Amino acid sequence: MGYENIRVETRGKVGLITLDRPSALNALNSALIDELNTALSGFETDERIGCTVITGSEKAFAAGADIKEMGSLDYMEAYLSDFITSWEQVSRTRKPVIAAVAGYALGGGCELAMMCDFIIAADTAKFGQPEITLGVMPGAGGTQRLTRFVGKSKAMDMCLTGRMMEAEEAERCGLVSRVVPADELLEEALKAAEKIADFSLPIAMMTKESVNRAYETTMSEGIRFERRVFHSMFATEDQKEGMSAFAEKRKPQFNNK
Ligand SMILES: CC(C)=CC(=O)SCCNC(=O)CCNC(=O)[C@H](O)C(C)(C)COP(=O)(O)OP(=O)(O)OC[C@H]1O[C@@H](n2cnc3c(N)ncnc32)[C@H](O)[C@@H]1OP(=O)(O)O
């Protein structure tokens with residue numbers, strides 16, 4: 001497929017998707033979302049890929065949903081097309097996905113970053129849910145995911161005032177896993193992704209599923225789920241390889257089995 005709004009590359013075992021609508025600060029229109037979903041599906045089924053990085057430009061990860069495209073939508077179009085639901089594909093990927101965020105991550109851009117498994121932010125990153133300034137509220141999971149990341153008080157502050165949060169505050173409150181200098185962002189994100197992709201893919205996928213379960217169930221159910229999945233790992237060749245390699249003081253060679 002020819003992409004017009006994103007760039008898609010592979011770097012060894014890592015899939016790299018760069019949002020690329022510079023004239024609109026990577027505003028997320030339906031064409032971009034379709035392309036993103038196609039690229040993500042491609043990496044999901046590509047056996048060589050173990051992790052994906054989604055990034056944007058120096059100025060913007062994404063400045064939100066495309067306001068010019070969305071502005072004239074009416075209720076029935078939004079309802080019948082189930083507007084936004086197709087954006088959720090990144091949250092349904094089974095392989096790990098990292099967001100590498102520099103500049104603006106606003107509205108749907110912040111929500112897209114939060115759908116990834118973790119966010120590495122440049123020191124220039126600015127997060128926000130400014131939808132209230134446009135007469136709407138977050139519609140791609142912002143009221144739910146942001147609240148789980150940063151707690152009720154800060155999520156209310158962000159969603160009700162529409163203010164932006166700098167990278168340092170985002171790290172302090174748990175929205176991002178680490179902040180790095182802007183000129184090292186991609187390198188750091190790719191390094192993290194390569195590290196993940198070098199581990200056993202099924203074990204990484206099960207780990208991701210188990211961490212995500214923490215957001216969807218009670219503690220006792222989550223612990224039970226973790227224990228069942230953990231037990232199942234002893235049926236894998238990669239568990240035998242990982243533990244043998246440790247005992248033999250060598251680097252493990254995982255075969256995703
Ligand atoms: C997911 C759901 C349901 C909702 C949403 O996401 S709603 C959108 C939330 N995002 C926003 O409200 C941010 C809108 N953008 C801005 O406030 C500013 O662009 C900025 C603060 C991010 C940057 O300001 P700056 O002065 O540096 O740049 P601009 O001249 O304003 O922008 C450059 C260029 O990009 C176009 N742009 C920016 N954001 C969007 C957007 N979200 N949708 C469509 N177009 C956008 C902007 O209009 C301008 O284009 P022109 O040069 O053609 O005017």
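The structure displayed is predicted, hence computed values, not measured ones. All values below come from the heavy atoms of this structure, side chains included, with hydrogens, waters and symmetry mates left out.
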[X], [atom1] atom: more than 12 neighbouring heavy atoms under 6.0 Å:
X    : atom1 : value
E4   : CD    : no
R227 : CZ    : no
E216 : CD    : yes
K240 : NZ    : yes
E88  : CD    : yes
E47  : CD    : no

Got a second to check how far [X]'s [atom1] is from [Y]'s [atom2], nearest 0.5 Å?
X    : Y    : atom1 : atom2 : answer
I203 : S210 : CD1   : OG    : 11.5 Å
E168 : D123 : CD    : CG    : 11.0 Å
N26  : L32  : CG    : CG    : 7.0 Å
I33  : T38  : CD1   : OG1   : 11.0 Å
K95  : D117 : NZ    : CG    : 13.0 Å
F43  : C51  : CZ    : SG    : 11.0 Å

Heavy-atom closest contact ([X] atom, [Y] atom, distance):
X    : Y    : answer
G139 : I84  : O-CG2, 3.1 Å
F61  : A100 : CD1-O, 3.7 Å
N5   : A31  : ND2-CB, 3.7 Å
I196 : G50  : CG2-O, 4.4 Å
V176 : A121 : CG1-CB, 4.0 Å
P138 : G142 : CB-CA, 3.8 Å

For F254, what are the other residues in its hydrophobic cluster, where any two members join if their side-chain heavy atoms are less than 4.5 angstrom apart?
F199
Could you walk me through whether E209 and V229 pass the side-chain contact (heavy atoms from CB on, under 4.5 Å) test, one step at a time?
CA-CA 9 Å; E209 193 179 353; V229 178; 5.9 Å; no
S41 and Q89 side chains, donor-acceptor separation under 3.5 Å
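Side-chain D/A pair, Q89 to S41: present.
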For E69 and S30, test the side chains for any donor-to-acceptor distance below 3.5 angstrom and give the result as yes or no.
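E69 vs S30: donor-acceptor pair found between side chains.
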Mind checking whether [X] and [Y] sit in one hydrophobic cluster, side chains of I, L, V, M, F, W, Y counted as touching below 4.5 Å?
X    : Y    : result
L185 : F118 : yes
L175 : I98  : no
Y75  : L80  : yes
V8   : L40  : yes
L106 : V150 : no

Would you say the side-chain atoms of [X] pair up with the backbone N or O of [Y], donor to acceptor, closer than 3.5 Å?
X    : Y    : answer
S177 : I119 : yes
E194 : K191 : no
N255 : K257 : no
K59  : P22  : no

Note: [X]-[Y] ion pair, threshold 4.0 Å (strictly below):
X    : Y    : answer
R48  : D46  : yes
R178 : E184 : no
R21  : E35  : no

Taking ring pair (Phe, Tyr, Trp, His ring centres under 6.0 Å) as the test, write out the residues that go with F246, two or more places apart.
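Expected list: none.
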Using the side chain to side chain contact (heavy atoms under 4.5 Å, CB included) definition, which of the options L186, D20, L190, L19 pairs with T55?
L186
Would E241 and R250 satisfy salt bridge (Lys or Arg N to Asp or Glu O under 4.0 Å), going step by step from the backbone distance to the final call?
CA-CA 10 Å; E241 169 60 10; R250 62 176 172 79; 2.8 Å; yes
So do the side chains of [X] and [Y] get within less than 4.5 Å of each other, counting heavy atoms only?
X    : Y    : result
M165 : K126 : no
I120 : V53  : no
L112 : L36  : yes
R145 : M115 : yes
S200 : M233 : no
F127 : M114 : no
E44  : R94  : yes
I54  : V90  : yes

Would you call the rings of F83 and W87 parallel, tilted or perpendicular, taking 30° and 60° as the class edges?
perpendicular
For side chain to side chain donor-acceptor pair (under 3.5 Å), just list the numbers for T218 and E221, CA-CA rounded to whole Å, side-chain angles, deciding distance to a tenth of an Å, and then say yes or no.
CA-CA 5 Å; T218 61; E221 276 306 316; 5.3 Å; no
Taking the six-membered ring of Y215 (Phe, Tyr or Trp), confirm whether the NZ or CZ of R148 is under 6.0 Å from its centre and within 45° of its axis.
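Judged by the rule, R148 and Y215 form no cation-pi pair.
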